[in-house]
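Reading through the structure tokens given below for one structure.
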Amino acid sequence: MTTQHLPFYSAPAFTVTVRVILAVAGGYAAATAISLLLAAGSEVSGRQEIAFIRMVFFLAWTVYIIWIFAINNHVKAFITALAINAAAWGLVWSGVAS
């Protein structure tokens with residue numbers, strides 16, 4: 001009986017590990033950038049602003065995690081995560097959120 005060995009990047013344990021890292025670390029970074037962008041554009045202040053930023057952060061991170069696990073290919077998930085973070089942080093660093 002022959003066993004078929006998959007390359008390491010196609011092994012289920014690797015793909016799940018990559019998605020968890022993308023969801024946690026990439027999602028945190030993307031949610032931070034998105035909440036900074038929306039906080040800069042909002043006109044609330046004080047406690048309402050803090051509550052608004054926290055709610056936006058939680059919502060963005062939750063949607064990001066669901067999105068990363070909904071994509072059926074881990075390479076596409078990585079590219080999507082990279083694109084979202086690059087776009088969000090590009091806007092933050094360009095001065096839109098100031």
Side-chain angles (χ1 to χ4, degrees):
M1 179 154 88
T2 61
T3 57
Q4 211 173 15
H5 294 286
L6 296 172
F8 77 94
Y9 54 84
S10 295
F14 179 78
T15 59
V16 170
T17 303
V18 167
R19 285 179 193 253
V20 168
I21 291 170
L22 282 175
V24 174
Y28 188 87
T32 301
I34 291 168
S35 61
L36 285 172
L37 289 170
L38 290 178
S42 71
E43 301 200 6
V44 295
S45 61
R47 290 184 177 182
Q48 290 179 340
E49 182 180 25
I50 293 169
F52 175 72
I53 292 170
R54 288 180 180 170
M55 286 188 289
V56 166
F57 179 86
F58 177 75
L59 181 65
W61 201 7
T62 305
V63 169
Y64 189 93
I65 290 170
I66 292 169
W67 188 316
I68 291 299
F69 280 98
I71 298 173
N72 61 357
N73 185 347
H74 66 280
V75 174
K76 288 180 185 177
F78 180 77
I79 291 169
T80 302
L82 188 64
I84 291 171
N85 275 298
W89 282 106
L91 288 172
V92 169
W93 287 332
S94 71
V96 173
S98 57

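A88 approaches L37 most closely through the heavy-atom pair O-CD1, 3.9 Å. For the pair A77 and R19, the tightest heavy-atom approach, listed with the atom from each and the gap, is CB-NH1, 4.2 Å. Smallest separation of non-hydrogen atoms from S42 and F52: CB-CE2, 3.9 Å.
In this structure, I79 CD1 and H74 NE2 are separated by 10.0 Å, a value rounded to the nearest 0.5 Å. Atom CG in L22 sits 11.0 Å away from atom OG1 in T15 (nearest 0.5 Å). Taking CD1 of I53 as the start and CG of L38 as the end, the distance is 9.5 Å to the nearest 0.5 Å. In this structure, the separation between CD1 on I68 and CD1 on I21 is 12.5 Å, given to the nearest 0.5 Å.
Hydrophobic cluster membership differs between W67 and V56, with clusters built from Ile, Leu, Val, Met, Phe, Trp and Tyr side chains linked at under 4.5 angstrom. Connection of Y28 to F69 is established within a shared hydrophobic cluster, with ILVMFWY side chains joined at heavy-atom distances below 4.5 Å, either directly or through further cluster members. Residues V63 and M55 do not share a hydrophobic cluster, clusters being chains of Ile/Leu/Val/Met/Phe/Trp/Tyr side chains in contact below 4.5 Å. Residues F78 and V16 do not share a hydrophobic cluster, clusters being chains of Ile/Leu/Val/Met/Phe/Trp/Tyr side chains in contact below 4.5 Å. Linking Ile, Leu, Val, Met, Phe, Trp and Tyr residues whenever their side-chain heavy atoms come within less than 4.5 Å leaves I34 and F57 in two separate clusters.
In this structure, the side chain of W61 engages the main chain of A23 through a donor-acceptor pair within 3.5 Å.
The environment of CD in E49 is crowded: more than 12 heavy-atom neighbours from other residues, nucleotides or ligands sit within 6.0 Å.
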